[in-house]
Chemist: 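Can you keep this structure in mind? I'll have questions shortly.
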Amino acid sequence: MSDQIRITLPDGSVREYPGGVTGLEIAAGISEGLARNVLAASVNGTVQDATRPITTDATVKLLTWNDPEGKATFWHSSAHLLAEALEELYPGIQFGIGPPIENGFYYDVDLNGRHFSQEDFKKVEDKMLELARKKQEFVRKPISKAEAVDYFEKKGDPYKLDLLERLDDGTITFYTQGNFTDLCRGPHIPNTGFIKAAKVMNVAGAYWRGDEKNKMLTRVYAITFPKQKELDEYLHLLEEAKKRDHRKLGRELELFAFSEKVGQGLPLWLPKGTMLRERLENFLRRAQVRAGYSPVVTPHIGGKSLYVTSGHWEKYGKDSFKPILTPEEGEEFLLKPMNCPHHCEIYKTKPRSYRDLPLRLAEFGTVYRYEQSGELHGLTRVRGFTQDDAHIFCRPDQVKEEFMKVIDLVLYVFRSLGFEDFSAQISLRDPENREKYIGSDDAWAKAEDAIVEAAAEKGLRTVTELGEAAFYGPKLDFMVRDALGRKWQLGTIQVDYNLPDRFELEYTGSDNQKYRPVMIHRAPFGSLERFIAILIENTGGNFPLWLSPDQIAVLPISEKYETYANDVFLALQERDVRGYVDHRDEKIGRKIRDAEISKVPFMLIVGEKEQAEGHVAVRRKGEGDLGSMSIDDFVELFRAEVSQVGQAV
RNA sequence: GCCGUUGUAGCUCAGUGGUAGAGCACUUCCUUGGUAAGGAAGAGGUCACGGGUUCAAAUCCCGUCAACGGCUCCA
């Protein structure tokens, strides 16, 4: 151990230390402050305990709260602290897993039927902090599998034993802090004293190992911080995010509603929401016409045999809405869960030539799917929704080019609406579970290659997920987050070599032979409902001018100017400006306040002066008075802003 | 579907065994006003629904439905 080792630090400097030096000691040599804040150490790219000796030359980064790995380590250790607290409060409970997550951590526990709810949160938090103040060290101990099994058999924890079964002897470690010992690969923070603030967020059920055949454990979600102030800030941030929740804003801005009588997951679009939705539809319709799409319309139901042919009946029939029947003949029809089978039938209405391809059929198609009741969520997960669907029928040699054109369209849509923060996900087959999918290996391989290449050529930053493909083909999804950080899929592009086979679609090639086209399913919004939900949360309800349900509110100072207010409104309406006149018997301050709360972009105040000059006093929401101007000047100002985003819709 | 929590006026919420409340919104009247809440009066609830316990249930118990937070699922 007396041999010197060379440690390379992130700034490129190299220092010599005695072999066996720890991250903590290196930190102490740099500054006392750093030593106080070191949570873990990255040694040659592997995160490990800051207290673990380093025995060879290495590149070392000392991790603090400001590093994602530091945070993860902090929260992982906090999960152990949570477990320790729970065990003290509820002796005899058993533990599943307790990982860090994006915001905090959780621990799955089997409370053996014991009750645990919000009233107990405070007690757990207090216990956690009480234990944290003891500055208990996290002690790492390599242990043989036999000893580990023995420990948990004595303790009576079936979940840990289940975990141990899949671990190899020689790789197993225990971590102990205070009276709590856990099977854990680590790493951990030096001691519990770093944890100064703790909050149990909520509890939820979670199946052991995520399998619904297994027992449901209680998942306790919590978050901790090195400073109380940071917890306060986090809670404040959460409060702010809740204000942007589309379910809240949807009600407040009168965009949509639900009715128990209509049914859960079946949104009712109110006039203002419909206005917004129609602007979006028109926006995409125009873009699609430019991109060579042909709009079509198909019925909301289709004969069962259509879905037998498509394969959807086999795959989803048993857990869908049941077929509806004709009264006399008993013929079965399905509420359409997809538009693609209908579009395939449109393809088949006449013989197609290679010259006709690509054929791009687009439809705002409303579909109905039986989503499990516990899954429904505002507008992001519903049972009836409208896809901005289109199916591109093309020759195999056109797949990649068409795919790239769709990527362009999706990016155009996202850019126009200010969606900067999205990620792209390529979903491929699960290589270990191929019977889940229909279609030949060869077709799948071709489709997967086409997607990967197209995404790469478009320079998309993508993550690839195995096993996330649709049952009929791989896909490229565009993912965004809602106000509370949950991830949702919006735009999607899917290659399908399968449906053309099932529907026996054909085209005649230049050699007069019959060929099979390839289908691309695509939806830039995904569904209008989900897209609008995310748009509401992204904008906080402050929609761009071209989308605002009400773009202006004409506010007469008093009844005397009502006629003039109506004249102003009519003149603007003729120039395609949307809004209303506030005729209520209220003072101007009140009318302004209400228009501001309704998030109307422009308020046009008219009184004696304006009437005399034929002007309007313009007030911009959130900004204030812009001064008095003629109606023509206002329209110019208005149109400049609308065309700024390129969307005179 | 599963686990947990919740359900009182259009909205936000008080009320924990003894005749259903507040603020905002709504209606009417007064007020005719200059850039974020003028005043007064009024109307509005089978306390989600269905059972049960009790002299008495919004309140306690059981069931159903729905919403919320997760899990599983998501063509």
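Naming: A, B, ... by sequence-line order, numbering from 1 per chain.
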Chemist: What integer number of Å spans the P atoms of B:A67 and B:U53?
Modeler: 32 Å

Chemist: Side chains of A:His615 and A:Ser628: is there a donor and an acceptor less than 3.5 Å apart?
Modeler: yes

Chemist: Are A:Phe95 and A:Tyr107, when compared by the centres of their aromatic rings, separated by less than 6.0 Å?
Modeler: yes

Chemist: Quick one about A:His521 and A:Asp496 (side-chain donor to acceptor, distance below 3.5 Å, no hydrogens or angles considered), yes or no?
Modeler: yes

Chemist: Which pairs count as ring-ring contact (aromatic ring centres under 6.0 Å, His included) when at least one residue sits in residues 363-385 of chain A, sequence neighbours excluded?
Modeler: A:Phe321-A:Tyr370, A:His377-A:Trp488

Chemist: From the options B:G69, B:G34, B:A36, select the nucleotide whose nearest atom is closest to the side chain of A:Ile557.
Modeler: B:G34

Chemist: So, does the side chain of A:Glu608 form a donor-acceptor pair with the base of B:G33 at under 3.5 Å?
Modeler: no

Chemist: Using the C1' atom on both, measure B:C71 against B:C24 and round to a whole Å.
Modeler: 38 Å

Chemist: When the distance from NZ of A:Lys318 to C1' of B:A75 is rounded to whole Å, what number comes out?
Modeler: 12 Å

Chemist: Hey, does the side-chain of A:Tyr207 have a donor or acceptor N/O within less than 3.5 Å of a partner on the base of B:G1?
Modeler: yes

Chemist: Go through the N and O atoms of the side chain of A:Arg381 and the base of B:C74, and report whether any donor-acceptor pair is under 3.5 Å.
Modeler: yes

Chemist: Hey, which of these two, A:Gly210 or A:Gln494, hits RNA chain B nearer its 5' end, going by closest nucleotide?
Modeler: A:Gly210

Chemist: Any donor-acceptor pair, under 3.5 Å, between the side chain of A:Asp585 and the base of B:U31, if you only look at N and O atoms?
Modeler: yes

Chemist: Less than 5.5 Å between centroids and less than 30° between ring planes, does A:Tyr316 satisfy that with B:A75?
Modeler: yes

